[in-house]
Peer 1: 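After the structure tokens below, expect a handful of questions from me.
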Amino acid sequence: MRVPGSGRPAPRGGLLAGLLLVVLVALGGCGNSEPTLPEATRSAGGDVGSVSTAADGFQEITLETGDDYVFTPDTFTVAPGQVRLTVRNTADQLTHNFVFTADTGPVPIAEKIPVLAPGESKTIEFTVSAPGDYPFECSFHAALGQVGTMTVSG
């Protein structure tokens with residue numbers, strides 16, 4: 001290849017440097033390491049994670065989730081009866097949801113929070129009577145470990 005108008009051969013240094021850059025970028029994406037997830041920065045405190053009984057008899061629990069792909073707390077225990085569960089999304093960026101994992105608990109719990117935008121808080125109410133473990137998840141991020149378990153005491 002020649003430099004237009006000069007009759008001289010085109011320099012190859014730029015082409016080789018460009019090819020080297022493409023190869024390095026491609027190889028950099030081929031690692032076998034797991035993605036690094038942000039550390040959980042929240043801890044249960046205040047009304048988060050404590051099961052209390054309201055005047056109307058509902059057991060109340062508040063969970064938090066944020067930009068770190070975890071529920072705080074990720075486990076809690078209730079007695080058989082009525083439950084009022086609130087999920088608060090303290091994230092700046094991530095949208096979450098809350099569902100009981102299908103086909104995993106003693107009986108299905110259909111109530112769910114389909115979408116929870118950053119800064120939102122939503123509440124669901126349901127009744128549980130069968131003792132056992134009821135796994136729950138953010139179905140958007142379950143593969144990243146955003147799961148937990150509600151235990152109903154027997």
Side-chain angles (χ1 to χ4, degrees), residues 14-15 17-154:
L15 178 63
L19 285 173
L20 180 61
L21 179 62
V22 169
V23 169
L24 289 174
V25 168
L27 289 176
C30 294
N32 288 333
S33 63
E34 291 288 321
T36 302
L37 299 176
E39 291 292 322
T41 56
R42 291 170 286 103
S43 60
D47 65 339
V48 176
S50 299
V51 178
S52 62
T53 303
D56 60 4
F58 274 84
Q59 298 170 87
E60 296 182 318
I61 177 92
T62 298
L63 308 181
E64 276 189 356
T65 186
D67 287 323
D68 52 9
Y69 305 106
V70 297
F71 288 107
T72 302
D74 61 357
T75 60
F76 62 94
T77 301
V78 295
Q82 297 176 309
V83 177
R84 182 176 295 129
L85 184 134
T86 300
V87 180
R88 184 168 45 218
N89 185 357
T90 60
D92 292 323
Q93 300 175 19
L94 293 178
T95 297
H96 295 284
N97 68 6
F98 178 93
V99 298
F100 285 95
T101 309
D103 304 321
T104 58
V107 297
I109 299 175
E111 287 75 16
K112 62 185 174 182
I113 299 172
V115 177
L116 193 60
E120 275 191 313
S121 180
K122 292 186 180 177
T123 301
I124 56 176
E125 295 178 347
F126 53 92
T127 300
V128 292
S129 56
D133 290 338
Y134 293 79
F136 59 84
E137 64 188 52
C138 169
S139 63
F140 305 148
H141 307 116
L144 297 173
Q146 190 170 1
V147 298
T149 304
M150 175 183 76
T151 299
V152 177
S153 60

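Heavy atoms only: backbone and side chains are in, while hydrogens, waters and symmetry mates are out.
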Peer 1: Show, in sequence, the C-alpha distance, side-chain angles and deciding distance for Thr151 and Asp133, and conclude whether the side chain to side chain donor-acceptor pair (under 3.5 Å) test is met.
Peer 2: CA-CA 4 Å; Thr151 299; Asp133 290 338; 2.8 Å; yes
Peer 1: Just verifying a value: how many Å separate Glu60 CD and Thr86 OG1, rounded to the nearest 0.5 Å?
Peer 2: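 Answer for the CD-OG1 pair, Glu60 versus Thr86, is 7.0 Å.
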Peer 1: With Glu137, which residues qualify under salt bridge (Lys or Arg N to Asp or Glu O under 4.0 Å), at least two apart?
Peer 2: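 Salt bridge (Lys or Arg N to Asp or Glu O under 4.0 Å) check on Glu137 returns nothing, list empty.
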Peer 1: Grab the two heavy atoms, one from Gln146 and one from Phe71, that are nearest each other, plus how far apart they are.
Peer 2: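 Scanning both residues, the minimum pair turns out to be CG-CE1, 3.6 Å.
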Peer 1: Working note: Thr62 + Arg88, criterion side chain to side chain contact (heavy atoms under 4.5 Å, CB included); need CA distance, chi angles, decisive distance, verdict.
Peer 2: CA-CA 7 Å; Thr62 298; Arg88 184 168 45 218; 3.9 Å; yes
Peer 1: Donor-acceptor check, side chain of Asp67 to backbone of Asp92, threshold 3.5 angstrom: yes or no?
Peer 2: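 Confirmed, Asp67 side chain pairs with Asp92 backbone.
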Peer 1: Is there side-chain contact between Leu85 and Glu125, with heavy atoms separated by less than 4.5 Å?
Peer 2: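 They are not in side-chain contact.
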Peer 1: Say whether, by atom type as modelled, one donor and one acceptor occur between the side chain of His96 and the main chain of Phe140 under 3.5 angstrom.
Peer 2: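 Between the backbone of Phe140 and the side chain of His96 there is no qualifying donor-acceptor contact (under 3.5 Å).
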Peer 1: Is Ile61 close to Val51 at the side-chain level, that is, under 4.5 Å between some pair of heavy atoms?
Peer 2: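 Touching, per the 4.5 Å side-chain cut-off.
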Peer 1: Just do the side chain to side chain contact (heavy atoms under 4.5 Å, CB included) check on Phe136 and Ile109 with the steps written out, would you?
Peer 2: CA-CA 10 Å; Phe136 59 84; Ile109 299 175; over 6 Å; no
Peer 1: What are the two closest non-hydrogen atoms of Pro106 and Gly132, and how far apart are they?
Peer 2: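 Closest pair (atom of Pro106, atom of Gly132, distance): CG-CA, 3.9 Å.
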Peer 1: Minimum heavy-atom separation for Asn89 and Leu116, please, with both atom names.
Peer 2: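 Shortest heavy-atom separation between Asn89 and Leu116 comes out as ND2-O, 2.8 Å.
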Peer 1: Flag the pair Phe98 / Thr65 as yes when at least one side-chain heavy-atom distance between them is below 4.5 Å, and no otherwise.
Peer 2: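 Phe98 vs Thr65: side chains apart.
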